[in-house]
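What follows is a short report on a single structure.
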Amino acid sequence: MSWRPSGRTAVSPEQRSTAEQRHLIGERMIKGAFWVIGLSGGALVLAVVVLALGGKLQDTNGQLALGYIDRFIGAIIPLFGAWVGAVIAFYFARDNFDAATENTRALLNQITPIDLEVVTAEETMTKRAQLTVVTAGDDEARLLKTEILPRFIERGLSRVIIVDTAGRGIGVLQDAAVMEFLVNPPPTLGKTQDQLTFKDLHDNDGIRKLLDVSAIYVRPEETLASARRKMEEQSRAAPRTVRDAFVTRTGDRSDPILGYLSDIDIARKGRFAG
(Lines give C-alpha, C1' and ligand atoms only; values in the text may rest on other atoms or scores of the structure.)
Protein backbone atom coordinates (compact mmCIF):
# COMPACT_ATOMS: atom_id res chain seq x y z
CA MET A 1 0.00 0.00 0.00
CA SER A 2 1.65 3.22 -1.11
CA TRP A 3 1.16 6.71 0.28
CA ARG A 4 -0.93 8.98 -1.93
CA PRO A 5 -0.55 12.77 -1.89
CA SER A 6 -3.48 15.01 -1.13
CA GLY A 7 -5.35 16.68 -3.98
CA ARG A 8 -4.88 20.29 -5.02
CA THR A 9 -7.04 23.25 -4.05
CA ALA A 10 -10.54 23.11 -5.50
CA VAL A 11 -13.97 24.50 -4.83
CA SER A 12 -16.18 21.43 -5.27
CA PRO A 13 -18.83 20.69 -2.58
CA GLU A 14 -17.14 17.37 -1.86
CA GLN A 15 -13.77 18.98 -1.09
CA ARG A 16 -15.41 21.72 0.98
CA SER A 17 -17.11 18.94 2.95
CA THR A 18 -13.70 17.24 3.44
CA ALA A 19 -12.20 20.50 4.75
CA GLU A 20 -15.12 20.88 7.17
CA GLN A 21 -14.57 17.32 8.38
CA ARG A 22 -10.87 18.03 8.99
CA HIS A 23 -11.74 21.06 11.09
CA LEU A 24 -14.37 19.06 13.00
CA ILE A 25 -11.85 16.30 13.72
CA GLY A 26 -9.30 18.86 14.89
CA GLU A 27 -11.84 20.53 17.16
CA ARG A 28 -12.89 17.20 18.68
CA MET A 29 -9.25 16.19 19.18
CA ILE A 30 -8.52 19.41 21.10
CA LYS A 31 -11.66 19.08 23.24
CA GLY A 32 -10.86 15.43 23.88
CA ALA A 33 -7.34 16.36 24.96
CA PHE A 34 -8.71 18.83 27.50
CA TRP A 35 -11.09 16.17 28.83
CA VAL A 36 -8.30 13.60 29.19
CA ILE A 37 -6.01 16.06 30.96
CA GLY A 38 -8.86 17.27 33.18
CA LEU A 39 -9.98 13.77 34.11
CA SER A 40 -6.39 12.70 34.79
CA GLY A 41 -5.86 15.65 37.09
CA GLY A 42 -9.22 14.99 38.75
CA ALA A 43 -8.30 11.34 39.31
CA LEU A 44 -5.09 12.38 41.04
CA VAL A 45 -6.91 14.87 43.28
CA LEU A 46 -9.61 12.30 44.06
CA ALA A 47 -6.99 9.70 45.00
CA VAL A 48 -5.36 12.17 47.40
CA VAL A 49 -8.72 13.00 48.99
CA VAL A 50 -9.68 9.33 49.38
CA LEU A 51 -6.34 8.45 50.94
CA ALA A 52 -6.50 11.47 53.22
CA LEU A 53 -10.02 10.66 54.42
CA GLY A 54 -9.02 7.05 55.02
CA GLY A 55 -6.05 8.13 57.06
CA LYS A 56 -3.66 6.36 54.72
CA LEU A 57 -2.03 9.33 53.04
CA GLN A 58 1.05 9.14 55.26
CA ASP A 59 1.53 5.37 55.48
CA THR A 60 3.72 3.33 53.15
CA ASN A 61 0.92 1.77 51.07
CA GLY A 62 -0.78 5.09 50.59
CA GLN A 63 2.41 6.77 49.44
CA LEU A 64 3.16 3.85 47.12
CA ALA A 65 -0.33 3.99 45.55
CA LEU A 66 -0.08 7.75 45.14
CA GLY A 67 3.32 7.37 43.47
CA TYR A 68 1.96 4.81 40.98
CA ILE A 69 -0.95 7.06 40.07
CA ASP A 70 1.33 10.07 39.65
CA ARG A 71 3.77 8.20 37.42
CA PHE A 72 0.94 6.71 35.34
CA ILE A 73 -0.64 10.11 34.68
CA GLY A 74 2.79 11.65 34.04
CA ALA A 75 3.44 9.05 31.33
CA ILE A 76 -0.01 9.10 29.71
CA ILE A 77 -0.48 12.87 29.28
CA PRO A 78 2.74 13.52 27.24
CA LEU A 79 2.05 10.44 25.11
CA PHE A 80 -1.52 11.53 24.44
CA GLY A 81 -0.38 15.09 23.71
CA ALA A 82 2.18 13.88 21.15
CA TRP A 83 -0.45 11.74 19.44
CA VAL A 84 -2.93 14.62 19.28
CA GLY A 85 -0.22 16.90 17.85
CA ALA A 86 0.70 14.38 15.14
CA VAL A 87 -2.94 13.89 14.10
CA ILE A 88 -3.66 17.62 13.95
CA ALA A 89 -0.45 18.25 11.96
CA PHE A 90 -1.54 15.62 9.43
CA TYR A 91 -5.03 17.02 8.97
CA PHE A 92 -4.03 20.69 8.76
CA ALA A 93 -0.80 20.51 6.70
CA ARG A 94 -2.86 20.71 3.51
CA ASP A 95 -4.84 23.71 4.81
CA ASN A 96 -1.58 25.66 5.12
CA PHE A 97 -0.58 24.67 1.60
CA ASP A 98 -3.98 25.69 0.20
CA ALA A 99 -3.85 29.06 1.96
CA ALA A 100 -0.40 29.77 0.49
CA THR A 101 -1.66 28.82 -2.98
CA GLU A 102 -4.65 31.14 -2.71
CA ASN A 103 -2.49 34.06 -1.53
CA THR A 104 -0.12 33.55 -4.45
CA ARG A 105 -3.00 33.33 -6.92
CA ALA A 106 -4.39 36.62 -5.58
CA LEU A 107 -1.01 38.25 -6.16
CA LEU A 108 -0.79 36.90 -9.71
CA ASN A 109 -4.26 38.21 -10.54
CA GLN A 110 -3.09 41.74 -9.74
CA ILE A 111 -0.24 41.60 -12.28
CA THR A 112 -0.76 43.19 -15.66
CA PRO A 113 0.23 40.90 -18.60
CA ILE A 114 2.56 43.52 -20.09
CA ASP A 115 4.85 43.23 -17.04
CA LEU A 116 5.30 39.51 -17.46
CA GLU A 117 5.65 39.59 -21.24
CA VAL A 118 8.86 41.62 -21.12
CA VAL A 119 10.71 39.84 -18.30
CA THR A 120 12.57 36.60 -19.09
CA ALA A 121 13.14 33.50 -17.01
CA GLU A 122 16.90 34.07 -17.09
CA GLU A 123 16.52 37.54 -15.56
CA THR A 124 14.41 36.23 -12.68
CA MET A 125 15.66 32.72 -11.94
CA THR A 126 17.80 31.64 -9.01
CA LYS A 127 20.96 30.21 -10.56
CA ARG A 128 21.85 26.57 -9.98
CA ALA A 129 24.92 27.39 -7.90
CA GLN A 130 22.76 29.32 -5.43
CA LEU A 131 20.05 26.67 -5.02
CA THR A 132 19.57 24.45 -2.01
CA VAL A 133 18.74 21.01 -3.39
CA VAL A 134 18.49 17.32 -2.56
CA THR A 135 20.39 15.05 -4.96
CA ALA A 136 18.80 11.69 -5.71
CA GLY A 137 21.55 9.12 -5.38
CA ASP A 138 23.90 11.16 -3.20
CA ASP A 139 21.36 11.95 -0.46
CA GLU A 140 19.34 8.71 -0.44
CA ALA A 141 20.61 7.49 2.92
CA ARG A 142 20.01 10.81 4.69
CA LEU A 143 17.23 10.98 7.27
CA LEU A 144 14.20 13.03 6.26
CA LYS A 145 13.39 14.45 9.68
CA THR A 146 16.85 15.41 10.93
CA GLU A 147 18.93 15.92 7.77
CA ILE A 148 16.78 16.71 4.70
CA LEU A 149 14.00 18.97 6.04
CA PRO A 150 16.28 21.09 8.28
CA ARG A 151 18.44 21.86 5.24
CA PHE A 152 15.52 23.85 3.83
CA ILE A 153 13.72 25.01 6.97
CA GLU A 154 16.87 26.66 8.36
CA ARG A 155 17.03 28.78 5.19
CA GLY A 156 13.35 29.69 5.35
CA LEU A 157 12.52 27.54 2.31
CA SER A 158 9.21 25.68 2.03
CA ARG A 159 9.98 23.79 -1.19
CA VAL A 160 12.26 20.77 -1.49
CA ILE A 161 14.01 20.90 -4.89
CA ILE A 162 15.20 17.50 -6.12
CA VAL A 163 17.81 16.93 -8.85
CA ASP A 164 19.74 13.90 -10.08
CA THR A 165 23.49 13.40 -10.06
CA ALA A 166 23.72 14.84 -13.60
CA GLY A 167 22.10 18.08 -12.45
CA ARG A 168 18.75 17.43 -14.14
CA GLY A 169 15.59 18.59 -12.36
CA ILE A 170 13.48 15.73 -11.01
CA GLY A 171 10.79 17.79 -9.33
CA VAL A 172 9.79 19.94 -6.37
CA LEU A 173 7.92 18.94 -3.20
CA GLN A 174 6.21 21.26 -0.76
CA ASP A 175 7.48 20.71 2.77
CA ALA A 176 3.83 19.94 3.68
CA ALA A 177 3.93 16.89 1.39
CA VAL A 178 7.11 15.67 3.08
CA MET A 179 5.51 16.22 6.50
CA GLU A 180 2.45 14.22 5.43
CA PHE A 181 4.73 11.35 4.45
CA LEU A 182 6.53 11.56 7.80
CA VAL A 183 3.29 11.57 9.80
CA ASN A 184 1.64 8.82 7.74
CA PRO A 185 4.35 6.60 6.19
CA PRO A 186 3.42 3.42 4.31
CA PRO A 187 2.93 0.61 6.85
CA THR A 188 4.96 -1.71 4.61
CA LEU A 189 8.13 0.26 5.42
CA GLY A 190 7.90 -0.68 9.08
CA LYS A 191 9.78 2.47 10.13
CA THR A 192 9.26 5.29 12.60
CA GLN A 193 9.49 8.97 11.64
CA ASP A 194 13.06 9.11 12.90
CA GLN A 195 14.10 6.19 10.65
CA LEU A 196 12.63 7.38 7.33
CA THR A 197 15.23 8.30 4.70
CA PHE A 198 15.09 10.32 1.51
CA LYS A 199 15.20 7.04 -0.41
CA ASP A 200 11.97 5.92 1.31
CA LEU A 201 10.31 9.13 0.16
CA HIS A 202 11.71 9.12 -3.37
CA ASP A 203 10.90 5.44 -3.99
CA ASN A 204 7.26 5.88 -3.00
CA ASP A 205 4.86 5.50 -5.96
CA GLY A 206 2.62 8.38 -4.86
CA ILE A 207 5.57 10.74 -4.44
CA ARG A 208 7.06 9.75 -7.82
CA LYS A 209 3.77 10.50 -9.59
CA LEU A 210 3.62 13.85 -7.83
CA LEU A 211 7.22 14.71 -8.76
CA ASP A 212 6.67 13.85 -12.45
CA VAL A 213 4.25 16.76 -12.88
CA SER A 214 5.40 19.05 -10.06
CA ALA A 215 7.36 21.50 -12.24
CA ILE A 216 7.51 22.86 -15.77
CA TYR A 217 10.63 23.36 -17.89
CA VAL A 218 11.37 26.60 -19.74
CA ARG A 219 14.17 28.12 -21.83
CA PRO A 220 16.19 31.05 -20.43
CA GLU A 221 14.73 33.45 -23.03
CA GLU A 222 11.11 32.52 -22.34
CA THR A 223 9.05 35.22 -20.65
CA LEU A 224 7.47 34.96 -17.24
CA ALA A 225 4.08 35.20 -18.94
CA SER A 226 4.90 32.04 -20.88
CA ALA A 227 6.08 30.30 -17.70
CA ARG A 228 2.88 31.24 -15.91
CA ARG A 229 0.73 29.92 -18.76
CA LYS A 230 2.62 26.61 -18.70
CA MET A 231 2.09 26.33 -14.93
CA GLU A 232 -1.64 26.89 -15.36
CA GLU A 233 -1.90 24.38 -18.21
CA GLN A 234 -0.02 21.65 -16.34
CA SER A 235 -2.01 22.32 -13.17
CA ARG A 236 -5.22 21.19 -14.90
CA ALA A 237 -3.92 17.63 -15.11
CA ALA A 238 -1.71 17.56 -12.01
CA PRO A 239 -2.77 16.33 -8.55
CA ARG A 240 -1.66 19.66 -7.08
CA THR A 241 -1.28 23.19 -8.39
CA VAL A 242 2.04 23.49 -10.28
CA ARG A 243 4.02 26.34 -8.76
CA ASP A 244 7.61 25.67 -9.88
CA ALA A 245 9.76 25.85 -13.01
CA PHE A 246 13.21 24.59 -13.95
CA VAL A 247 15.17 26.63 -16.50
CA THR A 248 17.21 24.55 -18.95
CA ARG A 249 19.07 25.38 -22.16
CA THR A 250 16.40 23.89 -24.45
CA GLY A 251 13.43 23.93 -22.09
CA ASP A 252 13.52 20.13 -21.89
CA ARG A 253 13.73 18.06 -18.72
CA SER A 254 16.59 15.98 -20.16
CA ASP A 255 18.99 18.94 -19.86
CA PRO A 256 20.79 19.97 -16.65
CA ILE A 257 19.06 22.88 -14.96
CA LEU A 258 20.50 26.38 -15.25
CA GLY A 259 18.20 27.82 -12.62
CA TYR A 260 14.86 27.67 -10.86
CA LEU A 261 11.69 29.82 -10.78
CA SER A 262 8.68 29.73 -8.48
CA ASP A 263 5.26 31.29 -8.79
CA ILE A 264 6.35 33.64 -5.98
CA ASP A 265 9.27 34.83 -8.13
CA ILE A 266 6.86 35.54 -10.98
CA ALA A 267 4.46 37.41 -8.70
CA ARG A 268 7.21 39.57 -7.19
CA LYS A 269 8.88 40.38 -10.49
CA GLY A 270 5.62 41.21 -12.19
CA ARG A 271 4.35 43.29 -9.32
CA PHE A 272 7.42 45.50 -9.14
CA ALA A 273 8.39 45.56 -12.83
CA GLY A 274 8.28 49.02 -14.34
Side-chain angles (χ1 to χ4, degrees), residues 1-6 78-79 81-101 125-215 239-240 242-248 253 256-265:
M1 178 178 177
S2 64
W3 177 90
R4 294 181 181 275
S6 304
L79 181 64
W83 176 70
V84 169
V87 171
I88 290 176
F90 171 71
Y91 278 106
F92 288 93
R94 182 184 164 193
D95 284 351
N96 295 334
F97 172 81
D98 289 346
T101 300
M125 71 181 186
T126 301
K127 294 182 179 179
R128 170 64 185 89
Q130 299 171 320
L131 288 175
T132 299
V133 302
V134 179
T135 304
D138 293 345
D139 289 324
E140 288 190 348
R142 296 190 183 279
L143 297 173
L144 278 178
K145 186 176 179 179
T146 58
E147 296 182 272
I148 298 297
L149 275 179
R151 185 185 302 182
F152 294 84
I153 293 173
E154 289 169 2
R155 293 172 172 81
L157 304 173
S158 62
R159 308 186 191 194
V160 179
I161 301 172
I162 303 172
V163 300
D164 64 17
T165 52
R168 295 181 292 253
I170 292 177
V172 181
L173 288 176
Q174 299 291 325
D175 56 0
V178 181
M179 286 301 299
E180 281 189 52
F181 184 82
L182 278 172
V183 171
N184 188 33
T188 53
L189 288 177
K191 291 185 175 182
T192 66
Q193 288 185 15
D194 294 332
Q195 296 171 327
L196 291 171
T197 65
F198 174 69
K199 186 178 188 304
D200 296 325
L201 176 78
H202 189 229
D203 285 350
N204 182 267
D205 291 338
I207 291 293
R208 281 188 177 274
K209 290 176 182 177
L210 183 60
L211 284 172
D212 285 344
V213 291
S214 63
R240 282 185 173 176
V242 177
R243 305 173 61 192
D244 307 276
F246 288 120
V247 183
T248 67
R253 70 186 307 152
I257 65 170
L258 302 175
Y260 162 82
L261 278 173
S262 73
D263 55 348
I264 300 295
D265 296 326

Rounding to 0.5 Å, atoms CZ (F246) and CE (M125) come to a distance of 13.0 Å
Q) Does any non-hydrogen side-chain atom of V163 lie less than 4.5 Å from one of V134? A) no
Acceptor/donor pairs from residues 126-133 side chains to any protein atom, 3.5 angstrom cut, sequence neighbours excluded:
residue: T132; atom: OG1; partner: R155; partner atom: NE; Å: 3.4

The reported gap from CD1 in I162 to CD1 in I207 (rounded to nearest 0.5 angstrom) is 8.0 Å
Using modelled atom types and a 3.5 Å cut-off, is there a donor and acceptor pairing between side-chain atoms of E154 and backbone atoms of R151? no
Tightest non-hydrogen contact, residues P186 and F181, listed as CD-CE1, 3.6 Å
Between the CG atom in L143 and the NZ atom in K145, the distance rounded to the nearest 0.5 Å is 10.5 Å
Note: R243 and I264 closest approach over all heavy atoms is NH2-CD1, 4.5 Å
Review point. Is any side-chain heavy atom of T165 closer than 4.5 Å to a side-chain heavy atom of D138?
Key: yes
In terms of heavy-atom contacts, S262 and R159 come closest through CB-NH1, 3.4 Å
d(L144 CG, M179 CE) to nearest 0.5 Å is 10.5 Å
Note: R240 and A177 closest approach over all heavy atoms is NH1-CB, 3.3 Å
Whether D200 side chain and L196 backbone form a donor-acceptor pair below 3.5 Å:
no
Separation between CG (L201) and CG (D139), nearest 0.5 Å, reads 12.0 Å
For D164, the side-chain hydrogen bond (donor to acceptor under 3.5 Å, both in side chains) test, sequence neighbours excluded, returns R168
Is there a side-chain contact between D244 and Q174 in this structure, where contact means two heavy atoms from C-beta onward sitting under 4.5 Å apart? yes
- request: Mind running side chain to side chain contact (heavy atoms under 4.5 Å, CB included) on L189 and Q195 for me, showing each step along the way?
  value: CA-CA 10 Å; L189 288 177; Q195 296 171 327; over 6 Å; no
Nearest heavy-atom approach of G171 to S214 is CA-OG, 3.3 Å
**OP:** List the steps and the verdict of side chain to side chain contact (heavy atoms under 4.5 Å, CB included) for Y260 and I161.
**Re:** CA-CA 9 Å; Y260 162 82; I161 301 172; 3.9 Å; yes
Heavy atoms of A136 and H202 approach each other most closely as CB-CE1, 3.9 Å
So CD1 of I170 and CD1 of I257: to nearest 0.5 Å the spacing works out to 10.0 Å
- Task: State whether K199 and E140 are salt-bridged, where the test is any N-O pair (Lys NZ or Arg NE/NH1/NH2 against Asp/Glu carboxylate O) under 4.0 Å.
- Result: no
**Prompt:** Does some side-chain heavy atom of L210 sit less than 4.5 Å from a side-chain heavy atom of P239?
**Reply:** yes
